[in-house]
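Read the structure below first, then the notes.
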Amino acid sequence: MEESLEEQAALERERHLLVDDRPGRELNAIALAPLVHVGRAFWPVVAFLGFLVLVWWVTWGFQMWWNVGITGMNRVVMWTLYIANYVYLIGIAEAGTFIAAALRLLDVDWRRPITRIAELLTVFSIFCSALFPLVHLGRTWKFYWLLPYPNERQIWPNFHSALIWDLTATLSYLITSTMFFYVDLIPDAALARDHLPAGWRRRLNGWLALGWRGTERQWALLRKAQLIFSIGILAIMPSVHTIVSYDFAMTIQPGWHSTVFGPYFVAGAIYSGVAAIIIAAIMFRRTMHWGYFIRAEHLNGLGIFLLLTSLVWDYFFFQDFIVPWYGQIPAEKEVLLTMMAGRGQLAFWLMIAANAIVPFFTLWWRKVRTSPPAMLAIALFIQLGLLLERYIIVTVNLGVRHLPFDWGAYSPRASELLMTLGAVAFVVLGFVVFSKLVPFVVLYEIKEGQCLVQLKRIGKGLIRTKIE
Amino acid sequence: MRGFHDYLLLGLFSGAAPAAEAIPALRRLGIPDGRIKVLMPYPHPLRSFARPRPRERLTLITAIGAAVGFLIGVFLMVGTTNLYPLDVGGQPLVPGPPSIVMIYEYTLLGALSFLFFGFLLNIRTPAYWRPVYDRRLTEDAFGLLVAVTSRQLAPAEAALRANGGFGVRRLDEAGFFHRLRWWLGGQVSTGMWVGLVAGAVLGIAVLCAFAYSALQWIYPDQMVTQQSVGHQEGPRLTAPTAAVPIQGPVLIAGQPATEPLPASAASRERGAILFRTHCYLCHGNEGQGNGPLAGYYAPPPANFRGPVVPSLPPSEVFRVITLGRGVMPSLAEGLTAGETWDLVTLVKGPLPSPTAVP
């Protein structure tokens, strides 16, 4: 196999973003094109998603008026699909920034075009997930009673309650991940300010850029801030999802009262987040014609990461399963039976297929990992599996209490299903709308990477080398 | 730019290398490092420019933020619980291990919030007024921004051009009035003012909405329109004419319960099955009040063979199963009226044999 150096160079450029150097002007044009050009499908899609979101808000208003009796909640299964949605969406949200932070700290090169997608996924889905406990409240407008604020009666929340920890953790993550997203955005907003045609988008990006000029001092501070933020996010993310799992594990409900619930939830969160990033990356590649930024190597990297998180999830799931199964404590056994052979069996086996079997038997092959349709299908199936996992944990499990007279069944009603649909539409709509507002790729990281990674001739071949 | 200067010069360079070459030339003119800024389109390794490392204190700021967050956490966990003592079932007033969870969160929140605002202040933003700037700085061009006196102006400009600087621009009278113009709104559009006013109105509206205790804002609720009936208050209303009659626990004060089912063998058989799910755990196999969980309750579960239960009328047993009594919960949710009567026949008749429960 003797290829000329030109052929080798062309092949490497086609495969790897970081050696496919283009002039800054051209890179800016590719990155900013989606902000300026509105495709034919854009307004119909926005209208459709906006309608679904409107359905959510109207349904919510309807539920506030008639109260939670219109849902499938009952005294036994009093946490339902709303809480499952909350856990699911916060899982996706936490993974987004976490992955951006972890890959940046590890200096993984395929992160560069994906970082902002991950961060935005976090911002939208955590906002959406933070709404679901409020949807779940009977009197939504009293939600601020949960906050520790000074009031004239000197009443403070009860900090013994896992629900207060939960609120604190969710809000902390909402605030910190939004700040993280914004810090990363500033130089790209400056870029959009400089190169968008005059108009409101340019003015918006001008405000967002805060007068960024890119002085050496500003860049040095940005790198330092990103470093500390990444470490902070790595510290806060596992704690947040562990606290979400405490909502369940701190009860003595059989099936929930488990010491492995924290890491099990964290594993599920990262798993669903990676799958969601894959979906978003593939959609962006297709709709924004971003074949230049998002290439097979990035899907491949994400695919390997997905396989890894899938195996980690399998491990924790098995831990959470085997211990009560072996222990045969009657109530715990009944929970497992209800899941595997009772009311939850369809959801349970679908979840096993989606989360463990399908990824395991497909993602080992590079051909699958680099094929956008295959990855999209697998990632969507995993999303379904993880939503079902939360659904089973919350509703099926809660129907089996310690004493048999206290058992109950739950099935979602229209209000829950419509709001779930609206929530998914909200996250997608956030992406679609924001894609017209700010650059969706961390362009300065790509330019930096293209500066650092170069092709070097060693012997007969061209080798990619990275300058440190 | 600190210190006295008359002019700002901006030189653009096609890459990092020519920009780095120009810096020693400027130094030779007597321009100190503090009057030179390197502008970069992406974070290029700083070693290329052989410049003093930018001073930053972000780690210190983050540490201060962490300390503030920690103290807030401690205040909420220890302080507020003493401000408003909330006795939770014999637990200590200050939550012990849970405090670790909360203080951890507040510490991180404080650290990262301080980092964020410290970062924004330290990069000297917001600074919408840009003295000299060029759009090519976010493409490929590297820039040197130099503050010079009138004497240094010509040689500095020549030094920039000699080292490959193109598009050298200069700004006279850098200073206060340009800054003021921005603050007075010279570059602020009507849209921004509309946005600011709308935001302020919305903010006040949100504040009002939550300041219920101050404003006594009337929320729409259904408490005034709905009919108010006390617990188990009679008289029983007649059903609407088109209503379908249902079997159910009908326990209106002063009126008889529903018609009992006949105590047939089939009814007793159904009752025995229900007994295992709903009664056995507390009342025991033979209804003697000695089930596996009986020891957890005071007073202990009723003994169906004791003196009290056999003397109760069936309708009273029905009422206790349906509504609960003392520590016994209401079972109305899991049982239809027919099933309740099946249990009543079982409790009132001979109880199941010890083999009924495995």
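The figures here come from the full heavy-atom set of this structure, side chains too, leaving out hydrogens, waters and symmetry mates. Each chain gets a letter, A, B and so on, in the order its sequence line appears, and its residues count up from 1.
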Fill in the blank from the handout: Between A:V438 and A:N205, the two heavy atoms sitting closest are CG1-OD1, 3.9 Å
Problem - Interface residue of largest heavy-atom contact number with chain B, from A:F180, A:Y182, A:W407, under 4.5 Å - result: A:Y182
Exercise for the section: Evaluate the side-chain proximity of A:P254 to A:H402: yes if any heavy-atom separation is below 4.5 Å, no if none is. Expected result: yes
Fill in the blank from the handout: Whatever's closer than 4.5 Å to a heavy atom in chain B on A:L191 counts as both
Handout entry: Part of B:L58 lying under 4.5 Å from any heavy atom of chain A
Key = both
Problem - Residue, of A:Y444, A:Y173, A:W219, A:W200, that accumulates the most heavy atom pairs under 4.5 Å with chain B - result: A:W219
Practice task
Tabulate, in ascending numerical order, the residues of residues 40-47 of chain B having at least one heavy atom closer than 4.5 Å to a heavy atom of chain A, or enter 'none'.
Solution key: B:M40, B:P41, B:Y42, B:P43, B:H44, B:P45, B:L46, B:R47
Problem - Test item: A:Q218 side-chain N/O and A:G214 main-chain N/O as donor-acceptor pair under 3.5 Å - result: yes
Fill in the blank from the handout: CG of A:L222 to CG of A:L227, rounded to nearest 0.5 Å, is 11.0 Å
Problem - Closest contact, heavy atoms only, A:A409 versus A:N74 - result: O-ND2, 2.9 Å
Problem - Proximal component of B:F75, with respect to chain A [non-hydrogen, under 4.5 Å] - result: side chain
Handout entry: Beyond-backbone contact of B:E56 with B:I61, side-chain heavy atoms, under 4.5 angstrom
Key = no
Exercise for the section: Could you look at B:P329 and say if it's the side chain, the backbone, both or neither that has a heavy atom under 4.5 Å from chain A? Expected result: side chain
Problem - A:L147 side, atom CG; A:T168 side, atom OG1 - distance, nearest 0.5 Å - result: 8.5 Å
Exercise for the section: Please state whether the side chain, the backbone, both or neither of B:R53 comes within less than 4.5 Å of a heavy atom of chain A. Expected result: neither
Problem - Portion of A:I236 that has a non-hydrogen atom of chain B nearer than 4.5 angstrom - result: both
Problem - Interface moiety of B:T62 toward chain A, non-hydrogen atoms closer than 4.5 Å - result: side chain
Handout entry: Side-chain heavy atoms of A:E445 within contact of A:D184, under 4.5 Å
Key = no
Practice task
Tell me the residues of residues 104-112 of chain B whose non-hydrogen atoms fall below 4.5 Å from those of chain A, in number order.
Solution key: B:Y104, B:E105, B:Y106, B:L108, B:L109, B:L112
Practice task
Under 4.5 Å heavy-atom distance to chain B, tell me which part of A:N158 shows up: side chain, backbone, both or neither.
Solution key: both
Practice task
Could you look at B:L144 and say if it's the side chain, the backbone, both or neither that has a heavy atom under 4.5 Å from chain A?
Solution key: neither
Problem - Best-contacting candidate, A:A220, A:A169, A:A235, against chain B by heavy atom pairs under 4.5 angstrom - result: A:A235
Handout entry: Contacting region of A:R223 [heavy-atom separation from chain B under 4.5 Å]
Key = side chain
Problem - Closest contact, heavy atoms only, A:E216 versus B:I36 - result: OE2-O, 4.1 Å
Exercise for the section: For chain B, find which of A:P187, A:G408, A:C451 contributes the most heavy-atom pairs closer than 4.5 angstrom. Expected result: A:C451
Problem - Derivation of the side-chain contact (heavy atoms from CB on, under 4.5 Å) call for B:R57 and B:N122 - result: CA-CA 9 Å; B:R57 295 194 194 85; B:N122 267 282; 5.8 Å; no
Handout entry: Shortest non-hydrogen contact from B:P301 toward B:C282
Key = CG-O, 3.5 Å
Handout entry: Between A:I446, A:L403, A:L443, the one whose heavy-atom pairs under 4.5 Å with chain B are most numerous
Key = A:L403
Practice task
Give, as side chain, backbone, both or neither, the part of A:Y246 having an atom under 4.5 angstrom from any heavy atom of chain B.
Solution key: side chain
Exercise for the section: State, with a plain yes or no, whether a side-chain heavy atom of A:M73 is found less than 4.5 Å away from one of A:Y410. Expected result: no
Completion exercise
Closest non-hydrogen atoms of A:P113 and A:L17, given as atom of the first, atom of the second and distance, are CG-CD2, 3.9 Å
Handout entry: Close side-chain approach of A:D194 and B:Y133, heavy atoms under 4.5 Å
Key = yes
Handout entry: From CA spacing to verdict: side-chain contact (heavy atoms from CB on, under 4.5 Å), A:T97, A:T176
Key = CA-CA 10 Å; A:T97 313; A:T176 51; over 6 Å; no
Problem - Residue among B:L331, B:L76, B:D140, B:L137 with most heavy-atom pairs under 4.5 Å to chain A - result: B:L76
Exercise for the section: State, yes or no, whether a side-chain contact exists between B:Y297 and B:M328 at a heavy-atom distance under 4.5 Å. Expected result: no
Exercise for the section: Could you tell me which portion of A:L171 (side chain, backbone, both or neither) has an atom closer than 4.5 angstrom to a non-hydrogen atom of chain B? Expected result: neither
Fill in the blank from the handout: Looking only at A:D188, A:I467, A:V183, A:I233, most heavy-atom pairs under 4.5 Å shared with chain B are made by A:V183
Practice task
Examine whether an atom of B:L293 lies under 4.5 Å from a heavy atom of chain A, and if so say whether it belongs to the side chain, the backbone or both; otherwise answer neither.
Solution key: side chain
Exercise for the section: Pick one of side chain, backbone, both or neither for B:P292, based on which atoms fall under 4.5 Å of a heavy atom in chain A. Expected result: neither
Exercise for the section: Return the option, out of B:L274, B:L281, B:D134, B:T81, with the maximum number of heavy-atom pairs under 4.5 Å with chain A. Expected result: B:L281
Exercise for the section: Provide the closest heavy-atom pair for B:V94 versus B:V78 in the form atom of the first, atom of the second, distance. Expected result: CG1-CG2, 4.0 Å
Handout entry: Close side-chain approach of A:V76 to B:E333, heavy-atom, < 4.5 Å
Key = yes
Handout entry: B:S99, part contacting chain A, at a heavy-atom distance under 4.5 Å
Key = neither
Fill in the blank from the handout: Assert top hit (heavy-atom pairs under 4.5 Å, partner chain A, pool B:G334, B:P95, B:G143) equals B:P95
Problem - Non-hydrogen side-chain atoms of B:F142 and B:L12 separated by less than 4.5 Å - result: no
